[in-house]
Engineer: 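To start, I am sharing the structure in question, which I have written as structure tokens.
Counting begins at 1 with the first residue of the sequence.
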Amino acid sequence: MDDSKRSRSTKPKPKRSWFKVFVTVFLVIFIAGGAAFAYVANKTFQTAKQSEVELSRGDKSDKRAAAVDLTKDHFSVLLVGTDERPGDTSSRADTMIVATFNKTDKQVNLLSIPRDSLVMIPSVGYEDKINHSYAFGGIDSTIETVEKLLDIPIDYYGSINFNGVVAIVDAVGGIEVDVKLPINTLNSSDKKGGVKLEPGLQRLNGEEALAYARMRYEDPEGDIGRTKRQQQVVQAIIDQSTSFGSITKLNKLMDATGDNFTTNMSLTEAFQLQPFVKSLNTVNRIDLKGTDTKINGAYYYQLDPSSLADAKTMLKEQLNLPDTADESTSTPEVIDDSTTGSN
């Protein structure tokens, strides 16, 4: 893999960020009317209640003096895609994106954290792949790890599993995607060759969309290419979910969200975001440079200290936080990968 391709950029993106796919479900009741309004409102509150899961730490980060007020404060959200399936006793965070929202500049910064990044995981006290933090202690451990890595508070989270991606895409009737390369990869049950696609614009069902977003090793751009494909799928879901008006489809979408999506953001707080979502000007992307490395026979992504420092500075500026110096720490022992799997 060409590590020079792992670069940080801040290119303007379309106004709609992928966080809006969650907010859209809640805001859609404002455009419904009559009996439809009553039905959708009731269903939305049921879905929101089912999806809301508080963190062990409570309603604020330890890096905050007080909980954020979404009507005026800048805030952050950790978006996590997990490989969790029914009956699993352990799962990993397959995708991690930190989003910082600046209310003054009406701007969002999105930082993608490579799943194999070698980082300190506080819940176990040693360095390992960041995606293993979820296996060690669920979303609480992952948030604690990201806060340690970036030295910023994570105010909210949104977590969706593989089944949720499949269910949401199928609920909206599939999504249109310009497939960039041939696909012959695993389906959601990890069956080899379970999904095969040829390049070109086409409508994907849930299984196909998930496989297209997940594929790693066959892409010549590696994790960078994977990130681009995930962005394609997310944008297509947003486009499709905001274009249909059928109550039946909306019902399926909310069922898919409620069963597979969790967040610590309440419905009231989601409503408070409406003015900001409507006025959003810019979405910037931040990527982390690094190098591929092997330790004790296991593959890791070693983050470049300068790139990480730059990313931390940008996120702190977005949240209007002081850019404090890093704490000096010794390099802890790295766990053998066999305890959590090789991925």
Engineer: Taking only residues two or more places apart in sequence, or in another chain, which ones meet Asn184 in a side-chain contact (heavy atoms from CB on, under 4.5 Å)?
Structural biologist: Lys196

Engineer: Kindly state each residue pair satisfying side-chain hydrogen bond (donor to acceptor under 3.5 Å, both in side chains) with at least one member in residues 201-213, sequence neighbours excluded.
Structural biologist: Ser188-Glu207, Tyr212-Gln232

Engineer: Looking at side-chain heavy atoms only, is the closest gap between Asn320 and Thr104 below 4.5 Å?
Structural biologist: no

Engineer: Among all residues two or more places apart in sequence or in another chain, which pass the side-chain hydrogen bond (donor to acceptor under 3.5 Å, both in side chains) test with Thr142?
Structural biologist: Ser133

Engineer: Show me the donor-acceptor pairs, under 3.5 Å and distance only, between side chains in residues 173-182 and residues at least two apart or in other chains.
Structural biologist:
from, atom 1, to, atom 2, distance (Å)
Asp178, OD2, Lys180, NZ, 3.2

Engineer: Strictly by salt bridge (charged side-chain N to carboxylate O under 4.0 Å, His left out), give each pair with a member in residues 154-170 just once, sequence neighbours left out.
Structural biologist: Arg64-Asp155

Engineer: Residues in side-chain hydrogen bond (donor to acceptor under 3.5 Å, both in side chains) with Thr185, at least two apart?
Structural biologist: none

Engineer: Under the rule for side-chain contact (heavy atoms from CB on, under 4.5 Å), what residues qualify as partners of Gln302, not counting sequence neighbours?
Structural biologist: Leu118, Thr291, Thr293

Engineer: If the condition is side-chain hydrogen bond (donor to acceptor under 3.5 Å, both in side chains), which residues does Thr145 pass it with, not counting sequence neighbours?
Structural biologist: none

Engineer: Name all residues meeting the salt bridge (charged side-chain N to carboxylate O under 4.0 Å, His left out) criterion together with Glu144; count only those two or more places apart in sequence or in a different chain, and write none if there are none.
Structural biologist: none

Engineer: Who pairs with Asp304 by side-chain contact (heavy atoms from CB on, under 4.5 Å), at least two apart in sequence or on another chain?
Structural biologist: Lys289, Ser306, Ser307

Engineer: For Ser112, which residues count as a side-chain contact (heavy atoms from CB on, under 4.5 Å) partner, sequence neighbours excluded?
Structural biologist: Ile97, Thr227, Asp287

Engineer: How would you list, by chain and number, every residue that makes a side-chain hydrogen bond (donor to acceptor under 3.5 Å, both in side chains) with Lys63, sequence neighbours excluded?
Structural biologist: Asp151

